[in-house]
Amino acid sequence: MPTTRHLDAMSSILPTLTALTFDLDDTLWDNHGVMIATENGHYAWLEDTLAQADATRQRLSERFPLSTYQARRQHIAQREPLRRGDFTWIRQQSLFEMLKEFGLHPNDAEGYAAAAMEQFMTLRHQLTPYPEVEALLDDLGQRYALAAITNGNVQVTRLPLARHFPIAIAAGELLAPKPDARPFLAALARLASTPSRTMHIGDSWAEDVLPALRLGMRVAWIDKHDEHHGDLPAGVFRLTHIRELSALLEHLE
């Protein structure tokens, strides 16, 4: 974290913060294990469901291993660049195309793909925020307007944390995933805040720090992988965990 002297100097020349925007995955919870369980779980569910419907049919993973499904998603993202950030659509379209190639009628392929994505979304939301997050957001919500900006396909309304984020921007569904400036601008507009009075908190240098900084926002960078040890641009504050955010904000007030 920057020194107290540095923070005091910054706080003396910058406007008072009135709003905070948060990235979600890997900022408020560890998303790695969630995605492994979700990726494997929904594909296994689809394979088992197809096997139960027709025991004589080849197993799905024999024709299309999980790695093939992953490669198909990358192909579709390249083929449909405007939808590259809409991960739900890309997944469902990948499943639909593979299931047709697997021999299913298009109507059946569409139905199974949709059902698999319902299973995906169920598993996707079986996550546990870091222990400090609930109390942290309770406290910050009394002093700042809060919003979420995510590239992921988690639906904030399905989370216990939803009450903290009446404003939630799903950047991929806007077809403008971070680092595009549009999801940040949408959040600022709905917060009725200016960049100079807003701080963004996120773990990605490319998708959180740089776009927020270009707009004139301050940024709390969660450097959870200990990637940076040199000087940072003015207005960027390096943290190692979300639990350190309260202390940073207290110094800036």
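Numbers for residues simply follow the sequence, beginning at 1.
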**OP:** Please answer: with hydrophobic residues joined when any side-chain heavy atoms are less than 4.5 Å apart, are F184 and L210 in the same cluster?
**Re:** no

Original post:
Shared ILVMFWY cluster between Y43 and W45, side chains joined below 4.5 angstrom?
Top reply: yes

Subject >> Contacts of D48 that satisfy side-chain hydrogen bond (donor to acceptor under 3.5 Å, both in side chains) - sequence neighbours left out >> reply: R59

Original post:
Is the closest side-chain heavy-atom distance between R214 and P179 below 4.5 Å?
Top reply: yes

Original post:
Can you check whether H251 and F237 have ring centres sitting under 6.0 Å from each other?
Top reply: no

**OP:** Would you check if the side chain of R218 reaches a backbone N or O of V236 as a donor-acceptor pair within less than 3.5 Å?
**Re:** no

Original post:
Under 3.5 Å, is there a donor-acceptor pair between the side chain of H225 and the main chain of E227?
Top reply: no

Original post:
Within 45° of the ring axis of F87 and under 6.0 Å from its six-membered ring centre, is that where the NZ or CZ of R91 lies?
Top reply: no

**OP:** Give a yes or no on whether the backbone of K178 and the side-chain of N151 come within a donor-acceptor separation of less than 3.5 Å.
**Re:** yes

Original post:
Between R197 and T16, is there a donor-acceptor pair closer than 3.5 Å when you use the side chain of the first and the backbone of the second?
Top reply: yes

Original post:
Is there a path of hydrophobic side-chain contacts, each under 4.5 Å between heavy atoms of I, L, V, M, F, W or Y residues, that connects Y112 with F64?
Top reply: yes

Original post:
Taking R83 for the side chain and I76 for the main chain, is one N or O donor matched with an acceptor at less than 3.5 Å?
Top reply: no

**OP:** Please tell me if the side chains of L50 and L104 come closer than 4.5 Å, counting only heavy atoms from C-beta onward.
**Re:** yes

Original post:
Is it true that E134 and R163 have a side-chain N and a carboxylate O under 4.0 angstrom from each other?
Top reply: yes

Original post:
Does a side-chain heavy-atom distance below 4.5 Å link L66 with S61?
Top reply: no

Original post:
Short question: side chain of H200, backbone of T21 - any donor-acceptor pair under 3.5 Å?
Top reply: yes

Original post:
Charged N to carboxylate O below 4.0 Å: is that the case for R57 and E47?
Top reply: no

Original post:
Any donor and acceptor pair, going by atom type alone, linking the side chain of H42 with main-chain N or O of L123 inside 3.5 Å?
Top reply: no

**OP:** Tell me whether L239 is reachable from L249 by hopping between hydrophobic residues (I, L, V, M, F, W, Y) whose side-chain heavy atoms are closer than 4.5 Å.
**Re:** yes

Subject >> Hphob cluster co-occupancy, Y144 + I201, side-chain heavy atoms under 4.5 angstrom >> reply: yes

Subject >> Contacts of H164 that satisfy ring-ring contact (aromatic ring centres under 6.0 Å, His included) - sequence neighbours left out >> reply: none

Original post:
Any Lys/Arg nitrogen of R238 or D231 sitting under 4.0 Å from an Asp/Glu carboxylate oxygen of the other?
Top reply: no

Scan the side chains in residues 30-37 for donor-acceptor partners under 3.5 Å anywhere in the protein, sequence neighbours excluded, and list what turns up.
residue	atom	partner	partner atom	Å
D30	OD1	H32	N	3.1
N31	OD1	W29	NE1	3.3
N31	OD1	R124	NH1	3.3

Original post:
Are a donor atom and an acceptor atom from the side chains of Q93 and E97 found within less than 3.5 Å of each other?
Top reply: yes

**OP:** Indicate yes or no: does D203 engage K224 in a salt bridge with an N to O separation below 4.0 Å.
**Re:** no

Subject >> Aromatic ring pairing H241/Y130, orientation class (parallel under 30°, perpendicular over 60°, tilted between) >> reply: tilted

